[in-house]
Number of protein chains: 2
Amino acid sequence: MSRFINHNNAIPKYFQLASILKSQIDEGEWKPRQSIPSERQLELQYKVSRPTVRQAIEYLEKLGYIYREHGRGTFVSPQKLQKKMLELTSFSEDLLRKGIQPSQIICSINHVVPSEKILSRLELPLESSVLRIERIRLGDEIPIGLQISYVVLGDDQQIDEDDLQQYGSLYRVMEEKLNIIPTEADETLEVTLATPEEATLLQVKAGAPLLLNERLTYDQNRKPVEFVKILYRGDRYQYIIRLTR
Amino acid sequence: MSRFINHNNAIPKYFQLASILKSQIDEGEWKPRQSIPSERQLELQYKVSRPTVRQAIEYLEKLGYIYREHGRGTFVSPQKLQKKMLELTSFSEDLLRKGIQPSQIICSINHVVPSEKILSRLELPLESSVLRIERIRLGDEIPIGLQISYVVLGDDQQIDEDDLQQYGSLYRVMEEKLNIIPTEADETLEVTLATPEEATLLQVKAGAPLLLNERLTYDQNRKPVEFVKILYRGDRYQYIIRLTR
DNA sequence: AATAATAACTGGTAATGACCACATAACAAC
DNA sequence: GTTGTTATGTGGTCATTACCAGTTATTATT
């Protein structure tokens, strides 16, 4: 990709500069813990103002690629810290990132009136209908998790089985077909034991330990749009988290 | 607290303004989803420049208190979204937040040469010695977790049992006594089954499901300073996470 | 009353300029 | 060779100014 900022491009200059620096980091231009050019050097080199440079650098810092030290410089984060902050991803995205081929078996997809607990989580009045999608998630053809999503749809919105197969990910369907952009989520993780039904679906013994993940997802306007329960086979799933202080 | 920016204060103006706005939000000056004064209004009201206002607002947005919509305004986030991004906290802090009184039984605290795996995680050469602290963590007097920490200390640094009791938290000891500031961490969560020894310590049956949390903590200079394994009783611990996109 | 055009208000991007605070390098004095 | 001072380079804070892009309110036209 280009090493230069296109001053006539609609893409903001700070973003272009951030992308350039990110590429250079990815390509090993600077080793971890090595300093990158100073703000004033970048200002001269790319012919942008120092606030614009600082905005690009702050953006990369936010993503974890670099860190800054007052009076000393700006440094490349050690490789393992060069990861995005904990981000909201779909199950499919999670597995792809781990190098596992995700696939799914759609057990059912229909409109239901869920429990009061779920309606409460979704901030919906009683007797509201939502789309319930039950799926077995597989990684490299092996069952990994059992997932039940409750999606809040508008009156003129619908998701069907073809959508899920075609787009590959529920979040992608929401974004591209419905203009619902999953933005934030709250999750809980806890241990549970497989019921006979769950055991059958996940190909484990009844009573086997499972990891229960419940997630409430909000859209770009902070409105709850999905409540999902995922039961992971305890032996096949490791949840990875990145924390900051 | 003051409603005004002290222009002679050493505390940055953007930070003072952010604190003022945060207090007003906390005190219900604006309801969730209600707009706060525009950037230009705040500029006039507090006699600071618009870039300074924007920096304060960006800070609050980062913390989750507000969200912005291009061309529309700046709004207070719904209450439940007004939470700090997922942050690195100690076990004690976690429980206090949940309204549970944390306490601990220190099983052992001594210098050891840990396994190669742990040395690798801590980026230490072979045969390095670290401080190993084994504790049973209790919430409201009930065993919740078994925690084994491997802490990297400098040659002139030491932590003993009195330190842990006196400061109440390992992170507090590190910060206040050793000037080691835990800043970032990577965690994994997975399900495991209690060995007979673990079962005894946690007062569960052997083979009971446990939640295994492994965390590698970095200090302010991104150096690994602690590797910790925590086994939680599956029936008494729920892990809560906040995600963004 | 409905519709289109315009104005006003909102957040977003960018430059110029100045100064503060921290860290390090260079230099002078002993 | 050591120590203290000064200079330089670094990131951090702040103000002023201008313009862009999105949204909403107001006004004009039909």
Side-chain angles (χ1 to χ4, degrees), chain A residues 4-21 30 33-77 179 181 183 220-222, chain B residues 4-21 30 33-77 179 181 183 220-222:
Chain A
F4 304 95
I5 288 176
N6 185 340
H7 293 259
N8 294 322
N9 199 332
I11 299 177
K13 292 178 186 176
Y14 82 87
F15 193 83
Q16 293 183 59
L17 178 56
S19 297
I20 292 170
L21 296 176
W30 306 289
R33 297 202 186 280
Q34 187 176 348
S35 66
I36 72 173
S38 71
E39 293 174 4
R40 292 171 178 84
Q41 285 176 319
L42 292 171
E43 178 182 6
L44 293 174
Q45 187 176 343
Y46 292 95
K47 296 179 173 45
V48 290
S49 71
R50 193 170 160 234
T52 299
V53 171
R54 286 182 61 79
Q55 189 167 351
I57 290 190
E58 279 160 12
Y59 177 67
L60 289 181
E61 181 180 40
K62 181 180 169 186
L63 295 185
Y65 282 92
I66 58 173
Y67 62 97
R68 296 185 285 175
E69 289 181 21
H70 192 172
R72 299 191 70 246
T74 305
F75 305 87
V76 177
S77 292
N179 197 34
I181 304 175
T183 299
Q220 66 270 31
N221 294 324
R222 274 79 179 165
Chain B
F4 304 95
I5 288 175
N6 185 340
H7 292 259
N8 294 322
N9 200 334
I11 297 177
K13 293 179 186 177
Y14 82 86
F15 192 83
Q16 292 183 58
L17 178 57
S19 297
I20 292 169
L21 297 175
W30 305 290
R33 298 201 185 282
Q34 185 176 348
S35 66
I36 71 172
S38 70
E39 293 174 5
R40 292 170 177 83
Q41 286 176 321
L42 292 171
E43 176 182 7
L44 294 174
Q45 187 176 344
Y46 292 95
K47 296 181 173 43
V48 291
S49 71
R50 192 167 160 237
T52 299
V53 171
R54 286 182 61 78
Q55 188 166 352
I57 289 191
E58 279 160 13
Y59 178 66
L60 288 181
E61 180 180 41
K62 181 179 168 186
L63 294 185
Y65 282 93
I66 59 173
Y67 60 98
R68 295 184 287 175
E69 290 182 19
H70 194 172
R72 297 192 70 243
T74 305
F75 305 89
V76 177
S77 292
N179 198 30
I181 304 175
T183 300
Q220 66 271 30
N221 294 323
R222 275 76 178 170

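In what follows, every heavy atom counts, from backbone to side chain, and hydrogens, waters and symmetry copies are set aside. Below, chain A is the first sequence line, B the second, and so on; all start at residue 1. Fair warning: this is a prediction, and the values are worked out from it, not measured in the lab.
Side-chain atoms of Arg40(A) lie closest to dG11(D) of the nucleotides dA15(C), dG11(C), dG11(D). The listed nucleotides are dG11(D), dG11(C), dA14(C); the one nearest the side chain of Lys13(A) is dA14(C). Residue Pro12(B) places its side chain closer to dC14(D) than to any other of dC14(D), dA14(C), dG11(C). Side-chain proximity of Ser49(A) to the nucleotides dA23(C), dG12(D), dA14(C) is greatest for dA14(C).
With rounding to whole Å, Leu44(B) atom CG is found 11 Å from dT16(D) atom P. The interatomic distance linking Ile36(B) (CD1) with dG11(C) (P) rounds to 8 Å, in whole Å. Atom OH in Tyr14(B) sits about 17 Å away from atom C1' in dC19(C), given to the nearest Å. Distance CD (Glu58(B)) to C1' (dG11(C)): 11 Å, rounded to an integer number of Å. Residue Glu43(A) contributes atom CD, which lies 14 Å from atom P of dA14(C) at whole-angstrom precision. Here dG9(D) presents its P atom at 16 Å from NE2 of His70(A), a figure rounded to the nearest Å. Distance, Arg54(B) CZ to dG12(C) C1': 5 Å, rounded to whole Å. Residue Gln55(B) contributes atom CD, which lies 13 Å from atom C1' of dA15(D) at whole-angstrom precision.
Along DNA chain D, the nucleotide nearest Ile11(B) and the nucleotide nearest Gly71(B) are compared for position; the residue whose nucleotide lies closer to the 5' end is Ile11(B). If Ile57(B) and Val48(A) are placed on DNA chain C by their nearest nucleotide, the residue sitting closer to the 5' end is Ile57(B).
Under the 3.5 Å distance criterion, the side-chain polar atoms of Ser19(A) are matched with a main-chain donor or acceptor of Phe15(A).
Atom OH of Tyr46(B) has more than 12 neighbouring heavy atoms from other residues, nucleotides or ligands inside a 6.0 Å radius.
Here the closest heavy-atom approach between residue Asn6(B) and residue Gln16(B) is recorded as N-OE1, 2.8 Å.
The side chain of Thr52(A) places an N or O atom within less than 4.0 Å of a non-bridging phosphate oxygen (OP1 or OP2) of dA15(C). Not one side-chain nitrogen or oxygen of Arg50(A) sits closer than 4.0 Å to the OP1 or OP2 atom of dT16(C). For Ser35(A), no side-chain nitrogen or oxygen approaches OP1 or OP2 of dT10(D) to under 4.0 Å. Close to dT10(D), at under 4.0 Å from its OP1 or OP2, lies no side-chain N or O of Thr74(A). Contact between the side-chain N/O atoms of Arg72(B) and the OP1/OP2 oxygens of dT24(D) is found at a separation under 4.0 Å.
Going from atom OG of Ser77(B) over to atom CD of Glu61(B) covers 8.0 Å, rounded to the nearest 0.5 Å.
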If you apply the rule salt bridge (charged side-chain N to carboxylate O under 4.0 Å, His left out), what do you find for Glu43(B) with Arg50(B), and how did you get there?
CA-CA 6 Å; Glu43(B) 176 182 7; Arg50(B) 192 167 160 237; 5.4 Å; no

